[in-house]
Every structure is written in C-alpha cells, then in structure tokens.
**Q** 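Got a structure for you, questions after.
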Amino acid sequence: MTKEATSYDRIYEIVRQIPRGYVATYGQIAELANLARKARVVGYALYRVDMQSLDVPWQRVVNAKGEISLSPLRFGTDYLQRSLLEAEGIIFSPTGKIDLRKYLWKPDLGWAVTSADHHNIK
DNA sequence: GTGTTGACGTTCC
DNA sequence: CGGAACGCCAACA
C-alpha cells in the first residue's frame with residue numbers, strides 16, 4: 001500500500017492553485033486540505049516551505065484578519081510578502097490589512113457564498 | 001514519552 | 001475593535 005501523501009503535500013497543492021491577485025486564509029486552506037480547524041498545521045506546513053524559491057506561493061496565504069502573519073523570527077519577510085502581493089494588484093488598507101471581501105480566493109465551488117456567510121466579515 | 005512552541009481560528013468580554 | 005483564553009495538531013528539545 002502506498003504511503004498516503006502527507007497533509008502538507010495537500011496543502012502545498014492547494015496553495016499553488018491560488019490565482020494571481022488573490023489571497024486565501026489559513027482556515028480556508030485547511031478546510032480544502034481536509035484539515036478543518038487545523039489552521040496551525042497549515043501555518044507550520046508553510047513554515048517548512050522554502051520561501052526563497054517560492055516553490056509555493058505562500059505569499060498569498062494570510063490569516064483570517066486579512067493581515068500578513070509571520071513570526072519575527074522570519075527576519076522581516078513580511079515586507080517581502082507585502083511587496084509581492086502589491087505587485088499582484090492587491091491593495092493594502094491603511095492599517096495594513098487586505099480587503100478579503102474583494103481579494104479572497106474562491107475555489108471552483110459554490111462554497112464562496114457559504115464562506116462569506118460563514119465568516120461573517122465585519 | 002512528555003512538555004513546549006507555533007505563518008491560526010474562534011469565542012467571550 | 002482590542003485583548004485574553006481555549007482548541008487543534010505536528011514538529012522539536
């Protein structure tokens with residue numbers, strides 16, 4: 001029996017599907033990766049990704065607040081991520097947030113409506 | 001094998 | 001809207 005692909009591979013695959021100019025949240029990816037409620041695992045998975053080679057567009061992954069999250073240990077790569085997103089046409093709010101209502105990636109399903117209603121963005 | 005930490009999320013105040 | 005607490009799972013010491 002083949003060893004099942006690790007959940008991480010699933011996460012990377014989904015992240016790669018994020019189109020240019022759009023962003024996705026950890027919770028959203030987690031849900032698509034069959035890891036609902038395990039957003040932390042997604043974050044850890046992206047942490048393992050080689051951000052220097054951009055093998056995975058980790059740049060398009062943000063938290064539920066629509067803000068770029070990363071650890072101070074990442075040495076200010078937050079600035080890099082923001083630059084990449086801006087280069088894709090994403091506009092940051094004065095507070096440094098992204099308008100998820102507009103840039104949130106919608107998988108090829110009708111779940112988009114459910115998502116908006118589920119998250120109930122303020 | 002146990003304890004702590006972590007690119008998060010949600011709920012409560 | 002901001003801060004605090006709990007949850008959830010995997011990797012690391």
Side-chain angles (χ1 to χ4, degrees):
Chain A
M1 331 47 105
T2 51
K3 181 81 165 53
E4 313 154 12
T6 61
S7 300
Y8 295 156
D9 291 334
R10 183 73 186 190
I11 293 170
Y12 302 146
E13 185 177 352
I14 293 172
V15 174
R16 286 172 185 154
Q17 295 177 26
I18 302 175
R20 174 181 169 283
Y22 281 86
V23 297
T25 63
Y26 292 96
Q28 186 177 356
I29 293 171
E31 206 170 337
L32 293 172
N34 201 11
L35 294 173
R37 314 296 176 173
K38 303 172 191 166
R40 306 200 78 172
V41 179
V42 176
Y44 215 97
L46 291 177
Y47 169 75
R48 302 276 299 179
V49 175
D50 183 359
M51 60 178 68
Q52 296 183 26
S53 67
L54 292 178
D55 180 46
V56 177
W58 55 271
Q59 55 194 94
R60 298 181 186 139
V61 183
V62 296
N63 58 25
K65 293 172 290 192
E67 173 50 76
I68 297 174
S69 315
L70 42 95
S71 177
L73 301 176
R74 289 307 99 201
F75 177 41
T77 38
D78 55 340
Y79 184 77
L80 175 61
Q81 181 171 5
R82 176 168 176 167
S83 297
L84 292 171
L85 293 177
E86 287 181 322
E88 295 183 353
I90 295 177
I91 307 300
F92 282 74
S93 301
T95 54
K97 288 185 178 179
I98 300 173
D99 189 352
L100 294 178
R101 298 169 301 176
K102 186 175 182 181
Y103 297 111
L104 183 63
W105 173 51
K106 301 163 192 161
D108 296 330
L109 295 174
W111 100 280
V113 178
T114 304
S115 172
D117 188 53
H118 178 64
H119 286 284
N120 188 20
I121 302 170
K122 295 180 184 178

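Please read all numbers here as calculations on a predicted model, not as lab measurements. Each chain gets a letter, A, B and so on, in the order the sequences are listed, and its residues count up from 1.
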**Q** I need the CG-P distance between A:L35 and B:dG9, as an integer number of Å.
**A** 14 Å
**Q** Holding to salt bridge (charged side-chain N to carboxylate O under 4.0 Å, His left out), I want the full list of residues that pass it with A:R16, two or more places apart in sequence or in another chain.
**A** A:D55
**Q** When you compare the protein's N or O atoms with those of nucleotides 11-13 of chain C, which come within less than 3.5 Å of each other, and at what distance?
**A**
from   : atom 1 : to    : atom 2 : distance (Å)
C:dC12 : OP1    : A:R48 : NH1    : 2.9

**Q** So, using ring-ring contact (aromatic ring centres under 6.0 Å, His included) as the criterion, who are the partners of A:Y47 when residues are at least two apart?
**A** A:Y44
**Q** With no angle test and no hydrogens, is the base of B:dG6 tied to the side chain of A:R40 by a donor-acceptor pair under 3.5 Å?
**A** yes
**Q** Who are the salt bridge (charged side-chain N to carboxylate O under 4.0 Å, His left out) partners of A:R82, not counting sequence neighbours?
**A** A:E86
**Q** Using whole Å, what does the distance between atom P of nucleotide B:dA7 and atom NZ of A:K65 come to?
**A** 12 Å
**Q** Rounded off to whole Å, could you give me the NZ-to-C1' distance for the A:K38 and C:dC8 pair?
**A** 8 Å
**Q** What is the distance, to the nearest angstrom, from the CZ atom on A:R10 to the C1' atom on C:dA10?
**A** 19 Å
**Q** To the nearest angstrom, how far is A:L46 atom CG from C:dA10 atom P?
**A** 16 Å
**Q** Rounded to the Å, how far apart are A:R37 CZ and C:dC8 C1'?
**A** 11 Å
**Q** Atom OH of A:Y12 and atom P of C:dA10: how far apart are they, to the nearest Å?
**A** 14 Å
**Q** How long is the line joining OH of A:Y26 and C1' of C:dG7, in whole Å?
**A** 18 Å
**Q** With respect to A:I90, which candidate in A:V62, A:L84, A:I98 satisfies the side chain to side chain contact (heavy atoms under 4.5 Å, CB included) definition?
**A** A:I98
**Q** Is a side-chain N or O of A:N63 found less than 3.5 angstrom from the main chain of A:G66, in a donor-acceptor match?
**A** yes
**Q** Going by salt bridge (charged side-chain N to carboxylate O under 4.0 Å, His left out), name the residues that satisfy it together with A:E67, two or more places apart in sequence or in a different chain.
**A** none
**Q** Verify, without hydrogens or angle tests, whether A:Q81 (side chain) and A:Q59 (backbone) share a donor-acceptor contact under 3.5 angstrom.
**A** yes
**Q** Say whether, by atom type as modelled, one donor and one acceptor occur between the side chain of A:Y12 and the main chain of A:A45 under 3.5 angstrom.
**A** yes
**Q** Between the protein and nucleotides 2-4 of chain B, which nitrogen or oxygen pairs are less than 3.5 angstrom apart?
**A**
none

**Q** Before accepting this row, confirm whether a basic side-chain N of the pair A:E88/A:R60 lies closer than 4.0 Å to the acidic partner's carboxylate O.
**A** yes
